[in-house]
Amino acid sequence: MANVTVTQTVNAPIDQVWPSWDDFGAIAKFNPNLNGSHLINQSQNSGLGAMRQCDMADGKNYICEKVVEYRPHQKLVIDIYDGTMPLKRAMATFDFKARGQKTDVTMSMDFTPKFGLLGKMMVPMMKPQFRKMMASLLQGNADYVETGKEVRTAA
């Protein structure tokens, strides 16, 4: 598996940052990589087992995600289990570190591309793209939490 990690400091305490991530179906409010997002199971909007679909900004691709580890105000692990992206397997881990009136959010993604050997050869090209998308997600979250304004789609 390949790994990409990015960190963003949010100028807000964890009690203001966590709710934005905990509203699992509403990630499109602050993720500029998405056109939209919605819960797959309407009866569970957060916590362990919550599921969502994220529609990518390109209007063609989507991913389906499920919360597989849930520690409020500390950690969120998401299994990217289906979709049209060239991923055989992917896990996204969000670690939250409270620092008084600031919060550090670190996102780490472990992924295995589709297409066997060809996919493995594509990893060096995929990592910068994923890093860019992850950084824009974390920046979008910081902007949303700090200003209260929803973020526009990048594409």
Side-chain angles (χ1 to χ4, degrees), residues 1-12 14 16-40 46 48 50-99 102-115 119-147 149-155:
M1 274 194 161
N3 176 277
V4 178
T5 300
V6 296
T7 298
Q8 174 72 44
T9 299
V10 183
N11 293 312
I14 188 67
Q16 291 176 16
V17 174
W18 179 257
S20 65
W21 293 97
D22 198 30
D23 187 4
F24 198 61
I27 192 172
K29 286 181 180 179
F30 60 82
N31 187 340
N33 304 301
L34 302 180
N35 271 341
S37 61
H38 63 273
L39 293 170
I40 293 173
S46 71
L48 191 63
M51 299 170 71
R52 71 179 169 211
Q53 178 173 316
C54 297
D55 301 318
M56 305 307 286
D58 65 8
K60 301 174 198 168
N61 292 294
Y62 71 93
I63 53 176
C64 294
E65 303 175 319
K66 180 178 182 177
V67 176
V68 295
E69 186 176 339
Y70 181 81
R71 287 189 270 155
H73 298 91
Q74 297 174 24
K75 188 173 200 165
L76 187 63
V77 180
I78 299 169
D79 179 12
I80 303 168
Y81 67 89
D82 193 17
T84 57
M85 301 293 282
L87 299 171
K88 183 176 183 179
R89 177 125 179 102
M91 294 288 260
T93 301
F94 296 85
D95 288 299
F96 302 86
K97 183 176 181 184
R99 294 193 303 114
K102 296 184 179 202
T103 304
D104 290 334
V105 181
T106 299
M107 178 182 184
S108 180
M109 189 168 82
D110 294 306
F111 68 95
T112 302
K114 290 180 181 175
F115 313 122
K120 286 180 183 179
M121 291 171 46
M122 291 173 49
V123 166
M125 292 179 284
M126 295 172 78
K127 281 178 131 182
Q129 288 297 98
F130 284 141
R131 188 172 288 109
K132 180 180 175 186
M133 290 175 68
M134 292 163 54
S136 67
L137 164 60
L138 295 187
Q139 182 64 58
N141 176 259
D143 293 345
Y144 175 70
V145 171
E146 292 169 11
T147 68
K149 295 179 184 175
E150 293 187 14
V151 176
R152 295 193 180 270
T153 301

Atom [atom1] in [X], atom [atom2] in [Y]: separation rounded to 0.5 Å?
X	Y	atom1	atom2	result
D104	R99	CG	CZ	4.0 Å
D82	I40	CG	CD1	8.0 Å
N61	C54	CG	SG	12.5 Å
M107	F96	CE	CZ	10.0 Å

Tell me whether [X] contacts the main-chain N or O of [Y] through its side chain, where contact means a donor paired with an acceptor under 3.5 Å.
X	Y	answer
T112	R89	no
N33	M133	yes
S46	F24	no
E65	I78	no
T5	S108	no

Do the side-chain N and O atoms of T93 and D95 include a donor-acceptor pair separated by under 3.5 angstrom? no

Between N141 and S20: side-chain donor-acceptor atoms closer than 3.5 Å: yes

Ring centers of W21, Y144 separated by less than 6.0 Å: no

